[in-house]
Amino acid sequence: MPVTAIVGAQWGDEGKGKIVDMLSEKVDIIARYQGGANAGHTVVVGKEQYILHLIPSGVLREGKVCVIGSGVVLDPEAFLSEVKELESRGFKVQGSLFISGRAHLIMPYHKKIDAAAESHSKKGKIGTTGRGIGPAYSDKAARIGLRVADLYRPDYFKSRMERAVEQKNILFEHLYKEKKVDLDEIFEQYAGYADKLKGFTADTGYMLRDALAKGKNVLAEGAQGAMLDIDHGTYPYVTSSQSIAGGVCMGLGVPPQSVTQVIGIMKAYTTRVGEGPFPTELNDSNGKKLRDDGGEYGATTGRPRRCGWLDTVVGRYAVDVNGVTSIALTKLDVLDDFDEIKICVSYKLGGQTITEMPEETVSLEKVEPVYETLPGWKKSTNDTDSYTNLPDAAKRYIARVEELVNAPVSIVSTGVSRTATIMR
Ligand code: GDP
Ligand code: IMO
Ligand code: MG
């Protein structure tokens with residue numbers, strides 16, 4: 001299994017961090033291929049909790065190599081503070097953590113535009129994480145972005161930044177009515193980062209292809225989820241990168257045939273942070289119970305997550321578009337205390353029943369979820385590590401999910417810790 005892709009099968013926060021940490025034990029390299037510090041991947045080891053934003057969750061396993069690929073947008077400030085925290089907690093990262101020289105840099109003006117664009121737009125707010133993600137990917141596509149490797153050619157870096165800053169300051173002055181940014185100040189700040197990032201920078205594309213040629217195993221850690229993918233998600237309420245499995249090749253520089261397994265991480269119910277359609281959202285006591293029992297508050301922004309029943313139209317679509325070979329069903333224990341559990345099996349749209357994800361987000365805003373009701377199990381599954389020990393109703397729930405989304409559930413997660421995992 002050369003490259004195994006780990007992808008979110010919903011709107012993010014499915015528990016990717018926990019599963020990547022589990023699977024890291026048996027691979028050589030763990031690599032992030034897209035997104036940036038908008039991600040918040042939580043891993044619990046013993047009594048310690050770690051929230052990783054940019055550094056792959058595999059960093060917590062000794063002897064593993066971690067890679068931040070070219071498809072990631074790197075905020076040096078966020079990266080260095082994450083490194084510092086890990087080092088202060090006893091992890092050695094120098095020499096085993098590498099950043100692609102091709103990765104684009106998040107600049108201070110990206111974060112400033114992110115915030116300004118959100119507060120400027122009364123309608124059409126996305127509810128971003130404010131980490132500068134959209135503006136950085138926009139500059140990449142517009143070919144005025146700055147890359148990690150550019151930091152080591154100061155004159156070139158400065159001349160490229162001049163163009164970008166000139167453009168941004170027109171926006172700040174005339175559109176957003178914000179203070180302009182100062183070229184020299186940013187240049188000085190980034191010259192400081194250049195020194196600190198030097199030991200981490202490498203041509204990770206070559207590194208990964210070479211490792212694959214030597215038979216090493218790579219885990220590609222996705223951020224966000226299928227429904228937040230820029231092309232295949234609920235546009236415009238999405239992030240700005242390719243979070244589906246197809247993004248692995250683009251964001252790491254590895255060939256498509258190297259990806260032999262795709263594990264879709266699916267929460268046993270659904271959550272979403274930020275704006276955008278969410279057919280199974282519950283604004284009632286069940287929604288509140290899911291939020292409370294599941295601790296559904298953003299790992300990056302602390303925002304309460306919107307909660308609802310499992311949507312298998314979303315699940316089937318995610319399995320389809322990612323080529324999911326098996327599913328890790330997470331947070332099953334959060335459903336322990338419900339008398340009845342609903343699963344959305346299809347939508348009603350204009351009197352018609354539809355079983356496929358509508359292409360247009362405006363249509364998704366109008367759909368009515370069609371539910372099937374299953375009995376709850378009313379027993380604790382928390383920390384269960386054996387399938388046999390699950391209550392029958394929980395087994396029935398898992399089997400029904402498998403049927404509805406057309407993929408086998410190979411991992412069931414029943415709690416935050418490593419041991420609270422059922423490997424089938
Ligand atoms: P990610 O972004 O996909 O890595 O997910 P987050 O870390 O943002 O959110 C998942 C949250 O659920 C974290 O707080 C995890 O510690 C927690 N979690 C993961 N798996 C389970 C599980 O099986 N049961 C429970 N109760 N919590 C879990
Ligand atoms: P992980 O990897 C959940 C959401 C934001 C917003 C939209 C765009 O932890 O699953 P952005 O800052 O990316 O421009 O915001 O995407 N979003 C996430 N939601 N989990 C994430 O990451 C997310 N990363 C971004 O809330 O709606
Ligand atoms: Mg998260």
Side-chain angles (χ1 to χ4, degrees), residues 6-22 32 34-45 49-54 56-57 72-73 75 106 110-111 113-115 117-118 125-138 221-230 233-241 243 264-278 290 292-303 305-306 328-336 380-385 411-422:
I6 305 294
V7 294
Q10 291 150 322
W11 277 281
D13 301 327
E14 299 92 346
K16 297 177 291 292
K18 170 181 162 163
I19 303 298
V20 169
D21 167 67
M22 288 294 303
R32 274 279 306 271
Q34 46 67 240
N38 49 352
H41 296 177
T42 315
V43 182
V44 176
V45 185
Q49 188 194 66
Y50 303 88
I51 298 178
L52 298 149
H53 300 287
L54 269 166
S57 303
V72 171
V73 282
D75 178 352
I106 299 237
H110 292 141
K111 289 190 258 189
I113 292 176
D114 197 352
E118 285 280 279
K125 225 182 159 86
I126 308 290
T128 72
T129 60
R131 298 297 189 270
I133 305 297
Y137 279 114
S138 302
E221 175 175 355
Q224 292 82 50
M227 303 311 289
L228 288 171
D229 181 276
I230 180 104
T234 49
Y235 191 89
Y237 304 102
V238 291
T239 191
S240 301
S241 66
S243 48
I265 316 298
M266 191 179 288
K267 213 180 274 197
Y269 50 97
T270 314
T271 64
R272 163 161 219 175
V273 219
E275 305 300 316
F278 177 0
L290 287 171
D292 292 346
D293 295 0
E296 295 295 353
Y297 293 88
T300 297
T301 58
R303 291 179 289 178
R305 294 175 182 151
R306 301 157 64 191
L329 191 70
T330 61
K331 304 189 89 160
L332 184 75
D333 56 301
V334 177
L335 297 180
D336 283 351
S380 174
T381 63
N382 189 228
D383 290 343
T384 305
D385 61 2
I411 301 172
V412 181
S413 175
T414 58
V416 297
S417 68
R418 284 176 174 169
T419 48
T421 315
I422 301 169

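Counting convention: from 1, in listed order, for ligands and their atoms alike. Keep in mind it's a predicted model, so treat the numbers as computed, not measured. Along the sequence shown, residues carry numbers from 1.
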Which of the numbered atoms in ligand 1 are below 4.0 angstrom from a heavy atom of His41?
-> 1 (P), 2 (O), 4 (O), 7 (O)
Lys18 heavy atoms, cut-off 4.0 Å: which ligand 1 atoms fall inside?
-> 20 (N)
Taking 4.0 angstrom as the limit and counting only heavy atoms of [X], give me the atoms of ligand 2 inside it, by number and element.
X: Trp11; value: 3 (C), 19 (N)
X: Ile126; value: 8 (C), 27 (O)
X: Arg303; value: 5 (C), 26 (O)
X: Gly274; value: 27 (O)
X: Ala223; value: 2 (O)
X: Gly127; value: 5 (C), 6 (C), 26 (O), 27 (O)

Main-chain N/O of Tyr137 paired to Ser240 side chain as donor or acceptor, under 3.5 Å = no
Answer yes or no: is there a donor N or O on one side and an acceptor on the other, between the side chain of Thr234 and the main chain of Tyr237, under 3.5 Å?
-> yes
Tell me the protein heavy atom at minimum distance from [atom], and give that distance in Å.
atom: atom 15 (C) of ligand 1; result: Thr42 CB, 4.0 Å
atom: atom 24 (N) of ligand 1; result: Asp333 OD1, 2.8 Å
atom: atom 24 (N) of ligand 2; result: Gln224 NE2, 3.0 Å
atom: atom 16 (O) of ligand 1; result: Val416 CG1, 3.5 Å
atom: atom 13 (O) of ligand 2; result: Thr239 OG1, 2.6 Å
atom: atom 2 (O) of ligand 2; result: His41 NE2, 2.7 Å
atom: atom 12 (O) of ligand 2; result: Thr129 OG1, 2.6 Å
atom: atom 16 (O) of ligand 2; result: Leu228 CD2, 3.7 Å

Per-residue contact class, [X] against ligand 2 - non-hydrogen pairs under 4.0 Å:
X: Thr301; value: neither
X: Tyr237; value: neither
X: Lys16; value: side chain
X: Asp13; value: both

Within the structure, does [X] bring an N/O atom to less than 3.5 angstrom of an N/O atom in ligand 1?
X: Lys331; value: yes
X: Val334; value: no
X: Thr330; value: no
X: Gly17; value: yes
X: Glu14; value: yes

Report the C-alpha separation of Thr128 and Ile133 in whole Å, then their side-chain angles, then the decisive distance to 0.1 Å, and conclude whether the side chain to side chain contact (heavy atoms under 4.5 Å, CB included) test is met.
-> CA-CA 9 Å; Thr128 72; Ile133 305 297; over 6 Å; no
When you look for heavy atoms under 4.0 Å from ligand 1, do you find them on the side chain of Met22, its backbone, both, or neither?
-> neither
Which one holds for Thr414 and ligand 1: side chain close, backbone close, both close, or neither close, with close meaning a heavy atom under 4.0 Å?
-> backbone
Is there any N or O on [X] that sits under 3.5 Å from an N or O of ligand 2?
X: Arg131; result: no
X: Val238; result: no
X: Gly12; result: no
X: Asp114; result: no

Taking the side chain as everything from C-beta on, heavy atoms only, tell me whether [X] gets closer than 4.5 Å to [Y].
X: Thr419; Y: Asp385; result: no
X: Asp75; Y: His53; result: no
X: Gln224; Y: Asp13; result: no
X: Trp11; Y: Thr271; result: no

Ligand 2 contact by Ser240, heavy-atom criterion under 4.0 angstrom | no
Are Ser417 and Asp383 close enough, and set up right, to give a side chain to side chain contact (heavy atoms under 4.5 Å, CB included), and what steps lead you there?
-> CA-CA 8 Å; Ser417 68; Asp383 290 343; 4.1 Å; yes
Decide, counting backbone as well as side-chain atoms, whether Gly298 has an N, O or S atom less than 2.8 Å from the Mg ion (ligand 3).
-> no
List the steps, then state whether side chain to side chain contact (heavy atoms under 4.5 Å, CB included) holds for Gln10 with Met266.
-> CA-CA 7 Å; Gln10 291 150 322; Met266 191 179 288; 3.6 Å; yes
Option whose closest heavy atom lies nearest to atom 22 (C) of ligand 1, chosen from Ala268, Gly298, Gly415 | Gly415
Out of Ser413, Gly222, Gly40, Ala328, whose heavy atom is nearest to atom 23 (O) of ligand 1?
-> Ser413
Does atom OH of Tyr235 have more than 12 heavy-atom neighbours, drawn from other residues, nucleotides or ligands, at distances under 6.0 Å?
-> no
Out of curiosity, is Gln224 lining ligand 1, as in a heavy atom under 4.0 Å away?
-> no
Verify side chain to side chain contact (heavy atoms under 4.5 Å, CB included) between Ser57 and Glu221, making sure each step is shown before the conclusion.
-> CA-CA 8 Å; Ser57 303; Glu221 175 175 355; 2.7 Å; yes
Please determine whether a side-chain nitrogen of the Lys or Arg among [X] and [Y] lies less than 4.0 Å from a carboxylate oxygen of the Asp or Glu.
X: Arg306; Y: Glu275; value: no
X: Glu296; Y: Arg272; value: no
X: Arg418; Y: Asp21; value: yes

Looking at Ile265, Thr330, Thr42, which hits side-chain contact (heavy atoms from CB on, under 4.5 Å) with Lys16?
-> Ile265
